[in-house]
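We use all heavy atoms of the structure for the numbers below, so side chains are in, but hydrogens, waters and symmetry mates are not. Within every chain, numbering begins at 1; the chains are lettered A, B, ... in the order of the sequence lines, protein sequences first and strands thereafter.
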Amino acid sequence: MISIDLIQKTAETLMDKAAVEIPDDYLQGLKAAAKTEDGDLSSFVLEAMLQNYEAAKQDNRAMCGDTGTPRWYVKMGNETQIEGGPIALEAALRRATANRTTGLPLRPNRVHPLWRTDHDNNVGIGAPEIEYGYEPGGEWIDLITVHKGGLFGTDYRMLFPSDGIQGIKRFYLDSLVAFGKRGLACQPAIIGIGLGGCKDTCMVLGKRAACLRTVGSKNSDPRIAELEDELKELGNSIGMGAMGFVGKNMVIDCNIEVGYCHTGGMQMSVHAFCLSSRRAVARVFADGRVEYRTDPDWFTDYQRRETVDWIPEPTPQEVTA
Amino acid sequence: MKPREITLSTTPTPEEIAQLRLGDIVYLDGLMYTAREGVYMRALEDKANIPMELPSESAANFHCSPAAAIRPDGSFDLGAVTATASFRFAKWLPEWMAKTGAKLIVGKGGMSSKDYKEYFVPNGAVYLSTVGYGTGALLGRGVEKVEAVHWNHELGLAQAMWVIRCRKMGPFIVASDLEGNCLFERENEKISQNLAKVYAGTKPAVLKRFGETDDRSDELIG
């Protein structure tokens with residue numbers, strides 16, 4: 001049984017970490033980009049961002065004034081039990097979101113879409129989002145918070161098999177150019193691409209590819225991993241950099257996730273994370289241990305499973321052996 | 001070449017504004033206030049009295065909501081500060097500038113050169129862009145003090161009018177000048193020349209969408 005107080009305390013720490021500390025994988029990616037950047041203005045911007053991460057950490061203040069729309073991804077091992085059950089868990093995550101919005105402070109971004117009512121704490125109808133995943137075995141809970149910006153850099157299009165890879169490239173470039181102009185996408189960023197699923201799952205896959213995979217990670221399908229590299233290079237050949245100024249760096253990494261889709265379609269979504277790439281993760285164990293990290297490690301083999309049951313059928317070689 | 005750095009008052013003289021060039025880096029001293037859709041609607045559409053003496057107290061309008069809170073004792077806690085995209089406020093800005101004498105519009109992404117020529121230049125005003133986007137911690141360090149928060153009960157913390165005292169607050173980038181030139185359009189023009197090459201081999205989607213443009217040199221704001 002995992003203590004609900006420990007879950008809330010850990011969630012509060014994660015809220016602060018996400019807002020204040022730049023994840024190391026992204027930081028290293030941005031430093032590498034800054035080295036190659038030769039546009040005067042783009043270089044100035046990247047250097048300023050690197051100073052900004054230091055300032056945020058030294059002062060314990062948010063990296064960016066727009067602290068996004070905090071949300072939670074929760075993953076549990078199959079044997080996990082939570083004190084008070086899932087209702088208590090959701091209440092704890094909502095409370096942690098509200099407490100640290102006023103505590104750090106974060107910007108209270110969340111308002112009612114029509115009445116613009118602001119509770120000043122980032123909690124409201126459907127906010128924060130809480131999404132779940134499960135893993136075979138184990139008694140632990142992973143708490144992952146992501147504070148992605150909410151306005152620019154995301155698009156969806158229904159493509160078809162006849163559009164092919166060239167159609168994918170076209171829509172990818174369209175999204176980067178359109179949202180990259182004037183720097184609306186807060187690039188260079190991790191770009192997530194969702195392919196397939198239905199419209200909603202396609203958006204979910206792309207967002208998770210941007211927010212729950214790290215710089216340098218690869219899709220487990222080697223041909224998709226190749227496409228990730230190709231699209232990263234393509235994005236960085238646009239000639240656009242930070243803030244939409246002339247430059248070489250638009251994409252710190254490109255991550256693709258896929259889901260099975262309707263036989264007639266090839267749904268595609270593009271999501272740009274941002275220069276602050278706010279994500280923080282902790283695993284809480286039943287014995288009270290808490291391990292903090294920055295890699296959500298969301299896309300395990302289990303999450304990408306293809307077969308009916310998780311235990312895959314033995315391969316023909318194994319059968320004959 | 002390193003950009004030129006300039007320290008500027010938030011109540012600048014016409015001469016100080018005239019010396020600014022596209023791409024200059026600016027740091028601000030003095031009072032600056034945040035105003036975005038909430039403040040514009042309340043002041044211009046609901047005709048509420050603006051609770052500051054403008055422009056004598058400040059001629060700098062920041063398109064911003066800070067990451068900030070008001071403590072139970074009434075004190076302010078302000079952490080990071082970054083701008084929000086300005087193009088969405090073009091509807092209100094001409095009247096706002098006429099009413100308040102704002103000379104520095106500070107935000108994200110700039111406006112179009114058409115906006116600059118139509119109402120920035122006649123008002124002797126220029127646009128300053130934040131950097132990044134997202135040097136929120138650096139800008140937060142430039143806030144010496146929160147002097148006041150107006151209309152937070154009516155508009156909520158994010159849309160309220162925050163009055164902040166800046167001390168060498170920056171960096172900002174000069175994104176328009178008194179001729180109405182636009183830094184972002186200048187950059188977009190250069191980038192557009194390369195786009196045909198990048199798109200080579202791709203093909204338009206088989207199913208079109210309403211309002212779609214295939215001219216990638218188009219400006220999409222406005």
Name the option with the most non-hydrogen atom pairs under 4.5 Å to chain A; the candidates are [options].
options	value
B/Pro3, B/Gly110, B/Gly109, B/Ala175	B/Gly109
B/Thr213, B/Asp77, B/Leu138	B/Leu138
B/Ala85, B/Gly201, B/Gly156	B/Gly201
B/Glu219, B/Lys190, B/Gln193	B/Glu219

Work out which heavy atom in [X] is nearest to a heavy atom in [Y]; give both atom names and the distance.
X	Y	result
A/Thr67	B/Ala67	CG2-CB, 4.2 Å
B/Thr202	A/Lys169	CG2-CB, 3.9 Å
A/Ala242	B/Gly132	CB-O, 4.4 Å
B/Ala68	A/Pro108	O-CD, 4.2 Å
A/Arg61	B/Leu78	NH1-O, 3.8 Å
A/Phe44	B/Ile25	CE2-CD1, 3.4 Å

Thinking salt bridges, do [X] and [Y] make one under a 4.0 Å N-O criterion?
X	Y	result
A/Arg182	B/Glu185	yes
B/Arg209	A/Asp174	no
A/Lys181	B/Asp218	no
A/Glu47	B/Lys2	no

Option in [options] with maximal non-hydrogen atom pairs under 4.5 Å from chain B:
options	answer
A/Gly167, A/Ala56, A/Gly183	A/Gly183
A/Ile238, A/Leu41, A/Ile165, A/Val177	A/Ile238
A/Val45, A/Asp120, A/Leu159, A/Leu184	A/Asp120
A/Phe171, A/Phe160, A/Tyr53	A/Phe160
A/Gly149, A/Ala48, A/Gly39, A/Ala19	A/Ala48
A/Leu106, A/Asp118, A/Ile168	A/Leu106

Side chain, backbone, both or neither: which part of [X] has an atom under 4.5 Å from a heavy atom of chain A?
X	result
B/Ser86	neither
B/Val206	both
B/Thr130	backbone
B/Asp214	side chain
B/Ile173	side chain
B/Lys203	both
B/Glu212	side chain
B/Pro66	backbone
B/Leu157	both

Examine whether an atom of A/Ser162 lies under 4.5 Å from a heavy atom of chain B, and if so say whether it belongs to the side chain, the backbone or both; otherwise answer neither.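 When you check distances to chain B, atoms from both the backbone and side chain of A/Ser162 fall under 4.5 Å.
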When the 4.5 angstrom heavy-atom criterion is applied to A/Arg157 and chain B, the contacting part is both
TODO: Kindly compute the distance separating OH (B/Tyr133) from CD (A/Gln187), expressed to the nearest 0.5 Å.
DONE: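 So the OH of B/Tyr133 and the CD of A/Gln187 are separated by 8.5 Å.
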Output for pair (B/Ile191 CD1, A/Met240 CE), nearest 0.5 Å, gives 4.0 Å
> What's the verdict on side-chain contact (heavy atoms from CB on, under 4.5 Å) for A/Phe179 and B/Leu220, showing C-alpha distance, side-chain angles and the deciding distance?
Replying inline: CA-CA 9 Å; A/Phe179 292 114; B/Leu220 299 176; over 6 Å; no
| said: I want to check something: taking the side chain as every heavy atom from C-beta on, are B/Lys197 and A/Ser237 in contact at a cut-off of under 4.5 Å? | reply: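 The answer is no; the side chains never approach within 4.5 Å.
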| said: Would you say that A/Gln58 contacts B/Arg141 through its side chain, given a criterion of any heavy-atom pair below 4.5 Å between the two side chains? | reply: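 In short, these two side chains touch, coming nearer than 4.5 Å.
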I'd like to know whether A/Leu151 forms a side-chain contact (heavy atoms from CB on, under 4.5 Å) with B/Arg88, so could you lay out the CA-CA distance, the side-chain angles of the two residues, the decisive distance to 0.1 Å, and finally the verdict. CA-CA 12 Å; A/Leu151 300 182; B/Arg88 299 169 291 158; 3.7 Å; yes
Checklist entry - B/Thr135 side chain to A/Asn52 main-chain N or O, any donor-acceptor pair under 3.5 Å? => result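 The answer is no, because no donor-acceptor pair under 3.5 Å joins these two groups.
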Output yes when a side-chain donor or acceptor of A/Arg107 lies under 3.5 Å from a complementary backbone atom of B/Ser65, and no otherwise.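 Yes, A/Arg107 side chain to B/Ser65 backbone: donor-acceptor pair under 3.5 Å.
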Once the angle between the rings of B/Phe87 and A/Phe152 is folded into 0 to 90°, is it parallel (under 30°), tilted (30 to 60°) or perpendicular (over 60°)?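 Tilted, since the angle between the ring planes falls between 30° and 60°.
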